[in-house]
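All heavy atoms count here, side chains included; hydrogens, waters and symmetry mates do not.
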Amino acid sequence: MFSGLAFLKGPMRIESTMAEILVGIAAFFGLIFFIIFGRLSDRIGRKKPIIFGYILTLLMLFPLFWMIGSFANPELDKASTAAPITVSGPQCDFNPFAETQASNCGKLLSDLTANHVSYTLVSANELSLKIGDVKQDLTEYSWTDSGQRGELLRTALAKSGYPLGTITPPAFNIIMIIVASMGLSMLAGMTYGPVAALLSEMFPAKIRYSSMSIPYHFGTGYFGGFLPFIASFIIAKTGAAYSGLWYTWGIVLMALVVAWWGLPNDPEAALDEAE
């Protein structure tokens, strides 16, 4: 859900307050899924909803974000199709830790990423930028002044039909964005609804706090905390607005394998046996 909010505010350019309202509405109504699947896990066991939730997440993560993108800013989709951006050049390396990129190509990638536009990266001997069929004159770009470069780049993008201002989608599109976001809430409810009961059932009381909190905070703090950084790095390296989702997809796949292999079908019974 946080990724969805960042996606709406950033690449899709939805007005900030509107994006927060849309995700807030989806999250509010999506709360019912946590109750539904938590209660279902009381009947059929904790493992099944979690496993099926992970499988559905792997299948639906990209389509749901594609759905959000198509309804959030259709003009951006049209511009990307009509005037695709191609960056060609040597040493096109992007360093996420650097305040200023070392090469001119890296600076150009940083500028494009900052403007939340997709691009294709091609290795070549000479640095060039094409927007649609128009090759941009990079001799006017100041490689020491990011503000000047950004202004020239935004002007060129606007001429090619890229919508760079914030937008508020029409009513039907808003409804469809909420529906897709509720789909993300459903996936969260399937995998997270049974978790509170599951964690308390997996460990005896004398070690329950440390057994839950240490791995839980590793997962939340490190895997979750670095999500924006890693997703942004993947997007900058590939130029594709949706490529950052591969990080989430990979973590869910890992969770599926671990849960399928490691979770007992009846954690309470397994705990009783261990005791």
Please tell me if the side chains of [X] and [Y] come closer than 4.5 Å, counting only heavy atoms from C-beta onward.
X    : Y    : answer
N173 : P170 : yes
M190 : L56  : yes
E20  : K9   : yes
D93  : L109 : no
P169 : I14  : yes

(message) Please enumerate all residues that pass side-chain contact (heavy atoms from CB on, under 4.5 Å) together with S146, with sequence neighbours excluded.
(response)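 side-chain contact (heavy atoms from CB on, under 4.5 Å) check on S146 returns R149.
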Run the side-chain contact (heavy atoms from CB on, under 4.5 Å) test against A255 and tell me which residues pass, sequence neighbours left out.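 A255 satisfies side-chain contact (heavy atoms from CB on, under 4.5 Å) with Y54 once adjacent residues are dropped.
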Review item, side-chain donor-acceptor pairs of residues 239-248, under 3.5 Å, at least two apart:
{"from": "S243", "atom 1": "OG", "to": "T238", "atom 2": "OG1", "distance (Å)": "2.6"}
{"from": "S243", "atom 1": "OG", "to": "A240", "atom 2": "O", "distance (Å)": "2.7"}
{"from": "Y247", "atom 1": "OH", "to": "F223", "atom 2": "O", "distance (Å)": "2.7"}

> Can you list every ring pair (Phe, Tyr, Trp, His ring centres under 6.0 Å) pair that touches residues 10-36, not counting sequence neighbours?
Replying inline: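 Qualifying pairs: none.
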*Spatial distance of atom CE (M18) from atom OG1 (T168) [nearest 0.5 Å]*: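 With rounding to 0.5 Å, CE (M18) is 5.0 Å from OG1 (T168).
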I'd like to check the side chain to side chain donor-acceptor pair (under 3.5 Å) partners of T144; sequence neighbours left out, ordered by chain and number.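 Here the qualifying residues are S142.
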Checking T220 now: which residues fulfil side chain to side chain donor-acceptor pair (under 3.5 Å) with it, not counting sequence neighbours?
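Not a single residue meets the side chain to side chain donor-acceptor pair (under 3.5 Å) criterion with T220.
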Practice task
Hey, can you tell me if Y222 and F226 have their rings parallel, tilted or perpendicular (30° and 60° cut-offs)?
Solution key: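 Plane angle under 30°, so parallel.
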- prompt: Which pair of non-hydrogen atoms, one from M67 and one from S70, has the smallest distance, and what is that distance?
  reply: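 Residues M67 and S70, closest heavy atoms: O-OG, 2.9 Å.
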**Q.** Side-chain donor-acceptor pair present, S41, R46, cut-off under 3.5 Å
**A.**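 R46 and S41 do have a side-chain donor-acceptor pair below 3.5 Å.
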